[in-house]
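Worksheet for the structure shown next.
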Amino acid sequence: MKTLSQQNIAREEHWPKVHCKKGRQQSPIALSQKTSYLKNLEPIKLENFDQDYILDVHHLTDLVVLKIPDMCPCSKPKISGGGLTQTYILENLHFHWPSEHTIDGIRYDMECHFVLYSTKYRTFKEALAHPFAVAVMAVLNFKTNYTQSNNFKIIAEATKKLKGTGTKQRTTEPLKFIDFLPYDLEKFFYYEGSFSVPWCPEYVHWLVFKNTANIQSSYYMDMKQIRGEDGELVESNNRTLQNINGRKVILRTRWFYINI
């Protein structure tokens, strides 16, 4: 039986070569507090993350993807600050297991990706054609026996009803996107990378929180019950770590430090 790492490598063999295999700014990467540049970036500013949303839960190939319904008359979540020079609006939230990034050599049970695009553009598709018009805010997750938020319970219940790739289910209860975030948002890594799924386009802003959030073990297992196009359970859907290739990784702290 292949290890999860071997399964990922086998899957990635068929990814496009132009960016996925020949790019110099690919994601994910191994993050380190010791080797990052410490910088007093402004904090990440969140808008509408505390609002209630009924969501569509999609099964897209090997991912569970959350999207706000197209006809929703609501204001979507937005972020700014944190090294970004524009405001970015949420396109989707999706999950990888185990985590894609590692921090100080630790790989976590899951990683949530908030995919956002610049408000300068009308649509996510239009933004994809422009460098750094897309940002990804990432949260790493630990499995635990109990969590106070029902966010993953709501998602897990919808996920269990999915009938295969390309299908979707609407959540029966509203949830808040802020419930997917760690309690402390002050410390995060910033670097320039790519999408971690094909076709792996580069020039993407990455914001990865140092602090983690929790997911209850039973809901984690429910979400892992999706099946890929081959009909097999998706045991892992994270990409292998990519070379940093001399990129500068910034670690934001609430205090100001000078690297010597």
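Residue numbers start at 1 and run along the sequence shown.
- Although no hydrogens or angles enter the test, the distance criterion places a donor-acceptor pair under 3.5 Å between the side chain of Thr123 and the main chain of Glu126.
- Using cut-offs of 30° and 60° for the angle between ring planes, the Phe114 and Phe49 rings count as tilted.
- A donor-acceptor distance shorter than 3.5 angstrom exists from the side chain of Gln242 to the backbone of Thr240, with no hydrogens or angles considered.
- Using cut-offs of 30° and 60° on the angle between ring planes, the pair Phe152 and Phe180 is perpendicular.
- For the pair Lys224 and Val234, the minimum side-chain heavy-atom distance is 4.5 Å or more.
- For Asn214 (side chain) and Thr147 (main-chain N/O), no donor-acceptor pair under 3.5 Å exists by modelled atom type.
- In this structure, the side chain of Arg239 engages the main chain of Ser27 through a donor-acceptor pair within 3.5 Å.
- Between the side chain of Asn151 and the backbone N or O of Asp179, at least one donor-acceptor pair lies under 3.5 Å.
- Between Lys161 and Glu157 no salt bridge is recorded (no basic side-chain N to carboxylate O distance below 4.0 Å).
- Residues Phe195 and Val204 form a side-chain contact, since some pair of their non-hydrogen atoms from C-beta on lies under 4.5 Å apart.
- You'll find the side chain of Phe132 stays beyond 4.5 Å of the side chain of Leu84, heavy atoms only.
- For Glu202 (side chain) and Arg24 (main-chain N/O), a donor-acceptor pair under 3.5 Å exists by modelled atom type.
- To the nearest 0.5 Å, atoms CD (Glu100) and CZ (Phe95) are separated by 13.0 Å.
- For the pair Cys112 and Leu93, the tightest heavy-atom approach, listed with the atom from each and the gap, is CB-CD1, 3.9 Å.
- Between Val249 and Leu31 the shortest side-chain heavy-atom distance falls below 4.5 Å.
- Taking the six-membered ring for Trp and thresholds of 30 and 60 degrees, His113 and Trp206 have ring planes more than 60 degrees apart, a perpendicular arrangement.
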Could you go through the side chain to side chain contact (heavy atoms under 4.5 Å, CB included) check for Ile44 and Leu46 one step at a time?
-> CA-CA 6 Å; Ile44 298 172; Leu46 306 176; 3.9 Å; yes
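- Separating the SG atom in Cys20 from the CD atom in Glu12 is a distance of 8.5 Å, to the nearest 0.5 Å.
- The shortest non-hydrogen separation linking Tyr108 to Asn141 is CB-O, 3.4 Å.
- Residues Asp109 and Trp97 form no side-chain contact, since every pair of their non-hydrogen atoms from C-beta on lies 4.5 Å or further apart.
- Tracing side-chain contacts under 4.5 Å through hydrophobic residues (I, L, V, M, F, W, Y), one reaches Met137 starting from Phe188; they form part of the same cluster.
- In this structure, Trp199 and His19 have tilted ring planes: the angle between them lies in the 30° to 60° band.
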Go through Gln33 and Lys210 one step at a time and tell me if the side chain to side chain contact (heavy atoms under 4.5 Å, CB included) criterion holds.
-> CA-CA 9 Å; Gln33 295 185 87; Lys210 168 62 178 67; 3.1 Å; yes
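- Considering NE2 of His58 and OG1 of Thr167, their distance stands at 9.5 Å, rounded to 0.5 Å.
- In this structure, Lys45 places its NZ atom where only 12 or fewer heavy-atom neighbours from other residues, nucleotides or ligands lie under 6.0 Å away.
- From Met223, atom CE reaches atom CG of Leu162 across 10.0 Å, with rounding to the nearest 0.5 Å.
- For Asn245, the CG atom counts as densely surrounded, since its 6.0 Å shell holds more than 12 non-hydrogen atoms of other residues, nucleotides or ligands.
- Side-chain atoms of Glu111 do not come within 3.5 Å of backbone N or O of Ala138 as any donor-acceptor pair.
- Panel note: side chain Ser236, backbone Asn238; no donor-acceptor pair is recorded below 3.5 Å.
- Remark: Glu186 engages Arg252 in a salt bridge, criterion side-chain N to carboxylate O under 4.0 Å.
- Using a 4.5 Å heavy-atom threshold, the side chains of Tyr117 and Ile89 count as touching.
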For Gln225 and Leu233, what are the C-alpha separation, side-chain angles and deciding distance, and is it a side chain to side chain contact (heavy atoms under 4.5 Å, CB included)?
-> CA-CA 6 Å; Gln225 294 306 301; Leu233 287 175; 4.0 Å; yes
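- Side chain of His59 to backbone of Thr61: a donor-acceptor contact under 3.5 angstrom is found.
- Checked options Leu63, Val136, Val64; the residue passing with His94 is Leu63 (criterion: side-chain contact (heavy atoms from CB on, under 4.5 Å)).
- Leu181 and Tyr219 fall within a single hydrophobic cluster, where Ile, Leu, Val, Met, Phe, Trp and Tyr are joined by side-chain heavy atoms under 4.5 Å apart, directly or via other members.
- In the model, Tyr191 has no side-chain atom that pairs as donor or acceptor with a side-chain atom of Ser36 under 3.5 Å.
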Output a table of donor-acceptor pairs, distance under 3.5 Å, between side-chain atoms of residues 73-82 and any protein atom two or more places apart or on a different chain; print 'none' if there are none.
none

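- Remark: side-chain polar atoms of Ser99 are not paired, donor with acceptor, to backbone N or O of Met110 under 3.5 angstrom.
- Note: the hydrophobic cluster containing Ile154 also contains Val57 (ILVMFWY, side chain heavy atoms under 4.5 Å, direct or indirect links).
- Ile215 and Val139 fall within the same hydrophobic cluster, defined by Ile, Leu, Val, Met, Phe, Trp and Tyr side-chain heavy atoms under 4.5 Å apart, directly or through other members.
- His96 and Asn237 get closest at one heavy-atom pair: ND1-O, 2.8 Å.
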Steps toward side chain to side chain contact (heavy atoms under 4.5 Å, CB included) verdict (Phe189, His101) | CA-CA 11 Å; Phe189 297 90; His101 293 86; over 6 Å; no
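- Considering all non-hydrogen atoms of both residues, Leu175 and Leu55 come closest at CD1-CD1, 3.4 Å.
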